[in-house]
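Keep in mind that this is a model prediction, so the values were computed, not measured. Residue indices begin at 1 and follow the sequence shown.
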Amino acid sequence: MKIALQGLFPEELQALCQAAGQPAFRGKQLWQWLQIQGATDWAQMGNLPRALKEKLAETHTPAPAKILKESGEPGGTRKWLVGLADGESVETVLIPARERNTVCVSTQVGCKMGCAFCASAKCGFARGLSAGEIVAQVQLVAVALGKRPDNVVYMGMGEPFDNYDETLRSVRILNHPDGLNIGARRITLSTSGVVPGIRRLAGEGLQVELSVSLHAPNPDLRRKLMPIENKYPMDELLRECADYTAKTKRHVTFEYTLVKGVNDSLRDAEELAGRLRRFPCRVNLIPLSPVDEFAGEAPPRPVLEAFLRALETRGVEGTLRESKGKGVDAACGQLRRRAQSGALPQKEDRPD
Ligand code: SAH
């Protein structure tokens, strides 16, 4: 596969242009097209010599952000099924809230993690995305919005730390002062608990937010929901998170998806608080978003609130995230899954 240009830094684009016998400033023009204009096609790059484009196109390409399917409403949560150069597809979501626009990006086509209630796991794993393919998702939303998004969360399809290098490269490009310039604190990496990834991130010197999906108050229950518990057990994971906090002085947010009758009791909340009280952190409670392949449902509102209060009275800070994406199949992997199973209307390329 050709290298996606949105994954290259300005100096790399300059070197590329120089190697093609062109002055370095062409690299700067290329960067502008990709990172400021959100170009996804050579044809858009009017001020670049055709010979240069032809030469570069032998090995490189702008990541196409080909929209296969769009759902949601302007002003509300919107979701895109984005086609990639090799015919694969991933999902990208825009969540507008309180005048801030958050983009949720995918890092892999499918996922290997196999979490019980996650639709991404159910359609198999194809490959990790390149940094350029990750950046192109944010650019696609920037073009749709007509302005730069405020926040980026790595909570779409895939496990970011199972694709660590490309993920981190995409973070640095999104954060680049000459590009979208999205502040590191406005970028959230979410992991199912890949311990070596957390350790590496602690050494990156980046101020990004780290979310860790926990979903259970103890290893036995976690194992039932998340197979990764067998590889990176909860105790080891929490130790690593405590080390991360000590080293970076940044708090970890634990994601906890609440499933009725499974992990939502007051005893669960007490046990969770007991484990998390040992170091400063937060818990983000998420009511289960229904998916076809998992029989569970979200607990009723009073149960969610009681769970939150039980954490807080035990000294663990928590938030209750409203589910915003219901109307657009916003749970990870749902849109792609429906497209695969034929439940969506025929895929349509937009004419533009
Ligand atoms: N692989 C990463 C990031 C992608 S998922 C991770 O596991 O963190 C982002 C979050 O959405 C995770 O916490 C995930 O467990 C959660 N999630 C997945 N499916 C869900 C569903 N049906 N309802 C609620 N949350 C879900």
Side-chain angles (χ1 to χ4, degrees), residues 1-67 80 82-85 90 92 94 101 103 105-107 128-154 160 163-187 189 204-208 352:
M1 246 176 101
K2 291 183 183 177
I3 297 166
L5 287 164
Q6 288 92 332
L8 298 186
F9 290 100
E11 37 307 348
E12 291 172 324
L13 292 174
Q14 283 173 26
L16 206 59
C17 290
Q18 284 174 309
Q22 293 275 338
F25 77 85
R26 295 291 183 201
K28 209 167 189 176
Q29 289 176 321
L30 193 48
W31 167 269
Q32 294 272 328
W33 279 115
L34 297 163
Q35 305 294 347
I36 305 296
Q37 310 293 334
T40 56
D41 199 308
W42 293 111
Q44 292 167 272
M45 307 180 195
N47 59 356
L48 290 181
R50 180 200 288 244
L52 173 64
K53 291 193 255 187
E54 280 171 2
K55 178 79 190 134
L56 294 182
E58 289 169 11
T59 46
H60 291 71
T61 180
K66 201 161 72 174
I67 297 168
W80 293 269
V82 180
L84 307 172
V90 292
T92 306
L94 165 65
N101 291 300
V103 183
V105 293
S106 296
T107 53
L129 299 187
S130 68
E133 290 173 320
I134 299 171
V135 171
Q137 295 172 63
V138 183
Q139 292 290 356
L140 172 146
V141 177
V143 169
L145 277 172
K147 62 179 178 188
R148 178 184 78 142
D150 304 285
N151 303 307
V152 177
V153 298
Y154 285 67
N163 187 19
Y164 187 94
D165 292 332
E166 296 301 311
T167 292
L168 263 285
R169 178 176 263 271
S170 72
V171 166
R172 292 189 192 279
I173 288 178
L174 294 172
N175 180 230
H176 199 288
D178 299 332
L180 284 174
N181 193 16
I182 296 176
R185 288 161 191 245
R186 298 192 169 280
I187 298 176
L189 293 177
E204 298 282 355
L206 274 169
Q207 302 265 51
V208 291
D352 48 349

Between [X] and [Y], what is the shortest heavy-atom contact and its length?
X	Y	answer
G132	A4	CA-CB, 3.9 Å
Q139	G38	OE1-CA, 3.6 Å
H176	F9	CD2-CD2, 4.1 Å
A65	V82	CA-CG1, 3.9 Å
P62	M45	CG-CE, 3.9 Å
C17	L56	SG-CD1, 4.4 Å

Does one side chain, of S106 or Y154, offer a donor that lies under 3.5 Å from an acceptor on the other?
no
Do Q44 and Q37 have side-chain atoms, one donor and one acceptor, less than 3.5 Å apart?
no
Check: [Y] and [X] side chains under 4.5 Å, non-hydrogen atoms:
X	Y	result
L13	L30	yes
T61	I3	no
L48	R26	yes
W31	I173	yes
E204	V171	no
D178	Q35	no
N151	I182	no
E133	L84	yes

Say whether, by atom type as modelled, one donor and one acceptor occur between the side chain of [X] and the main chain of [Y] under 3.5 angstrom.
X	Y	result
K2	T59	no
K28	E11	no
D150	N101	yes
E166	S130	no
Q14	G27	no

Once rounded to the nearest 0.5 Å, what's the spacing between atom CD of Q22 and atom CG of L16?
11.0 Å
Straight-line distance of N181 CG to L174 CG, nearest 0.5 Å:
10.5 Å
When V138 is tested against each of I187, V143, V105 for side-chain contact (heavy atoms from CB on, under 4.5 Å), which residue passes?
V105
side-chain contact (heavy atoms from CB on, under 4.5 Å) partner of Q137, the single match among V90, T107, V103, V152
V90
Test W33 against every option in N47, D41, T40 by the side chain to side chain donor-acceptor pair (under 3.5 Å) rule and name the one that passes.
N47
Contacts of type salt bridge (charged side-chain N to carboxylate O under 4.0 Å, His left out), residue E54, not counting sequence neighbours:
none
With sequence neighbours excluded, what pairs up with R148 under the salt bridge (charged side-chain N to carboxylate O under 4.0 Å, His left out) test?
none
